[in-house]
Amino acid sequence: MAARVVGRAGRLALVVRSSAVRLQSRLHGSTGLRSGSQANFFPPLEDAMLPSGSFNNRMALITGGGTGLGRAMTATLSQLGAQCIIASRKLDVLQRTAEEISSQTGNKVHAVQCDVRDPQAVSQCVDQIEALTGLPDVIINNAAGNFVCPSERLSPNAWKTITDIVLNGTAFVTLELGKRLIQNQKGASFLAITTIYAESGSGFVVPSASAKAGVEALYKSLAAEWGRYGHRFNIIQPGPIRTKGAFSRLDPTGAFEKAMIDRIPTGRLGTPAEIANLAAYVSSNYASWMSGAVIRFDGGEYVSLAGEFNELRSVTPDQWKLLEAMIRKTKGS
Ligand SMILES: CCCCC/C=C\C=C\C(=O)SCCNC(=O)CCNC(=O)[C@H](O)C(C)(C)COP(=O)(O)OP(=O)(O)OC[C@H]1O[C@@H](n2cnc3c(N)ncnc32)[C@H](O)[C@@H]1OP(=O)(O)O
Ligand SMILES: NC(=O)C1=CN([C@@H]2O[C@H](COP(=O)(O)OP(=O)(O)OC[C@H]3O[C@@H](n4cnc5c(N)ncnc54)[C@H](OP(=O)(O)O)[C@@H]3O)[C@@H](O)[C@H]2O)C=CC1
C-alpha cells in the first residue's frame with residue numbers, strides 16, 4: 001500500500017519500499033520471526049482468572065473437550081471447581097484427557113463418546129450425562145472440523161462433513177439439551193466457539209465459514225428466544241491459537257504462520273489458556289447479564305485485515321515527511 005500511494009513518483013516509491021524492508025528486518029531481526037517485537041507488550045497471563053471455587057457445584061459439558069482449546073477450557077473450569085463432561089468421537093483421547101485433568105484438579109472429569117453429527121447419538125449422550133451428573137449448567141459447543149481446500153475441489157461429502165459437525169452438530173447438542181433443560185425448568189449458559197471469518201467469510205475454508213456463520217445466527221436467535229427459560233447464549237470468535245487439530249489442517253507446511261503473526265497487531269498468536277479464561281468468565285455467573293454477545297478474541301487480526309490503509313504501518317517517519325510534502329503540494333482536484 002505504501003508503495004502504491006507514492007506510485008506516481010517512481011523514485012520515491014523505490015526509497016519507500018527499500019526502507020520498509022529495512023524497517024521490517026530491524027524490527028524482527030530476520031524474516032523467519034515467530035512473533036513481532038511488540039508481543040513483549042502483550043504477554044499472555046495463563047493462571048485461572050476467576051476466584052477459586054467459581055464453578056463449585058456446577059456441571060459443564062464441553063464438546064471436543066479432549067484436545068486443543070476444548071481441553072484447555074475443561075482444565076480451567078475443572079480447576080475452578082466444575083464437574084466436567086467432555087464429549088467427542090475418540091473415547092481413548094477423551095479418557096486420557098479426563099484422567100490427566102482430574103488428577104491435577106481433584107475434580108471429576110467424565111468422558112462420553114459422541115459423534116455430534118448423529119442426532120440419535122447426541123440424545124444417547126445426553127441420557128448418559130443425565131445419569132452421570134444431571135443436566136449441565138454450562139454447555140460449550142467447541143467441536144469442529146475444518147481443512148483448507150479450494151472450493152472447486154470440494155466433494156458434496158466434504159461439504160456435508162464440515163457443515164454437519166459444525167452447524168448441525170451444534171444445533172443437535174443445543175436443541176437436545178435446551179429441550180430437556182426447559183422441561184426441568186433449569187437455566188444454563190450456552191457458549192459457541194466460532195471464528196473471526198464467520199463474520200467476513202473466507203475463501204479456502206468455505207464450508208467452515210458458512211457453518212460457523214450459521215452457528216452465530218443460531219446462538220443470537222436463541223439468545224432472544226430462550227432468555228425466558230433462563231438460558232444465555234454467547235459466542236467467542238478466536239483468532240489463531242496453535243493447536244495440532246487446527247494447524248495440521250489449515251497450515252500443514254507451517255508457511256502461513258509468519259504471515260498471520262505479521263498482521264496481528266499484538267504480534268503473537270493467542271494461547272489456549274487465554275481463551276479458556278475468557279470462556280470461563282462468559283460461562284460464569286459473573287457474566288449473568290451477558291447474552292447474545294459475539295466476542296472477537298484475536299489480538300486485533302480482524303481489524304488489521306479489514307482496514308484499507310493498514311499497510312501504511314511500514315512507512316517510516318522520514319518517508320511520512322516526503323509523503324506529507326507531496327500531499328500538501330497538491331492544489332485543487
Ligand atoms: C492456522 C489457522 C489458524 C486459524 C484457524 C481458524 C479457524 C479454525 C477453525 C477450525 O475449525 S480448526 C479445528 C480443526 N480440527 C479438526 O478438523 C478436527 C476434526 N477433523 C477431522 O476429523 C477431519 O479432518 C474431518 C475431515 C473434518 C472429518 O473426518 P472424517 O469424518 O473421518 O471425514 P473423512 O476423512 O471421511 O472425509 C469426509 C469427506 O471430506 C473429504 N476431505 C477430507 N479431507 C479433505 C481435504 N484436506 N481436502 C479435500 N477434501 C477432504 C474426504 O475426501 C471425504 O469426502 P469424499 O467425497 O471423498 O467421501
Ligand atoms: N485453534 C485455532 O486457531 C482456532 C480454533 N477455532 C475453533 O476452536 C474450536 C477448537 O478447535 P481446536 O482446539 O483448535 O481444534 P481440535 O481439532 O483440537 O478440536 C476439535 C475437536 O472437535 C472434536 N470433533 C470433531 N468432529 C467431531 C464430531 N463429529 N463429533 C464430536 N466431536 C468432534 C474433535 O474430537 P474427536 O476427534 O475425538 O471427535 C476435537 O476434540 C473449534 O470450534 C474451532 O473451529 C476457531 C478459530 C481459531
Side-chain angles (χ1 to χ4, degrees), residues 61-74 86-98 111-119 121-122 125 140-170 172-173 191-200 202 204-212 215-216 235-261 263-264 269-272 274-276 278-279 295-299 301-302 305:
L61 167 67
I62 303 98
T63 66
T67 63
L69 306 186
R71 180 192 164 111
M73 292 176 212
T74 305
I86 52 179
S88 72
R89 295 165 300 174
K90 298 191 188 103
L91 189 58
D92 55 331
V93 174
L94 293 169
Q95 283 170 337
R96 225 178 12 252
T97 297
V112 176
Q113 188 166 33
C114 180
D115 186 333
V116 297
R117 291 173 284 195
D118 175 357
V122 170
C125 165
I140 302 184
N141 270 289
N142 162 80
N146 201 1
F147 47 75
V148 282
C149 181
S151 300
E152 65 274 21
R153 292 172 66 93
L154 288 171
S155 69
N157 191 39
W159 174 273
K160 187 170 171 353
T161 298
I162 300 304
T163 53
D164 267 354
I165 301 171
V166 175
L167 177 55
N168 290 336
T170 302
F172 296 151
V173 170
L191 171 63
I193 308 301
T194 63
T195 170
I196 55 172
Y197 61 67
E199 217 163 295
S200 57
S202 174
F204 304 97
V205 283
V206 173
S208 168
S210 308
K212 293 283 194 186
V215 168
E216 294 198 353
I235 295 155
I236 296 177
Q237 301 173 323
I241 301 174
R242 192 197 317 279
T243 63
K244 182 178 170 199
F247 276 53
S248 62
R249 291 172 176 93
L250 301 170
D251 187 19
T253 66
F256 197 40
E257 183 171 336
K258 178 185 178 302
M260 284 188 295
I261 290 170
R263 69 186 179 221
I264 294 176
L269 303 180
T271 72
E274 286 181 292
I275 195 169
L278 177 59
I295 303 167
R296 195 186 294 139
F297 192 61
D298 70 342
E301 186 185 28
Y302 187 88
L305 281 166

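Note that ligands are numbered from 1 as they come in the structure, with each ligand's atoms numbered from 1 the same way. These numbers come from a predicted model, not from an experiment. We're numbering straight along the sequence, starting at 1.
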Select all protein residues for which some heavy-atom-to-ligand 2 distance is less than 4.0 Å, and list them by chain and number.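 Contacts of ligand 2 under 4.0 Å: G64, T67, G68, L69, S88, R89, K90, C114, D115, V116, R117, N142, A143, A144, I165, I193, T194, T195, K212, P238, G239, P240, I241, T243, G245, A246.
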Does at least one non-hydrogen atom of [X] fall below 4.0 angstrom from an atom of ligand 1?
{"X": "S208", "answer": "no"}
{"X": "E257", "answer": "no"}
{"X": "Y197", "answer": "yes"}
{"X": "K90", "answer": "no"}
{"X": "R249", "answer": "yes"}
{"X": "M260", "answer": "yes"}

Under 3.5 Å, which donor-acceptor pairs do the side chains of residues 87-94 form with other protein atoms, sequence neighbours left out?
none

Per-atom contact, [atom], protein heavy atoms, under 4.0 angstrom:
{"atom": "atom 11 (O) of ligand 1", "answer": "yes"}
{"atom": "atom 34 (P) of ligand 1", "answer": "no"}
{"atom": "atom 56 (P) of ligand 1", "answer": "yes"}
{"atom": "atom 53 (O) of ligand 1", "answer": "no"}

Where's the contact between A158 and ligand 1, heavy-atom distance under 4.0 Å: side chain, backbone, both or neither?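 Within the 4.0 Å criterion, A158 contacts ligand 1 through backbone and side-chain atoms alike.
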My understanding is that we take every heavy atom of each candidate and find the minimum distance to atom 15 (N) of ligand 1. Doing that for G70, G239, G245, which one comes out nearest?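 When every heavy atom of G70, G239, G245 is considered, G245 comes closest to atom 15 (N) of ligand 1.
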Could you point out which residue of I162, T194, N146, T170 forms a side chain to side chain contact (heavy atoms under 4.5 Å, CB included) with K212?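 So, applying the side chain to side chain contact (heavy atoms under 4.5 Å, CB included) to K212 and each of I162, T194, N146, T170, only T194 qualifies.
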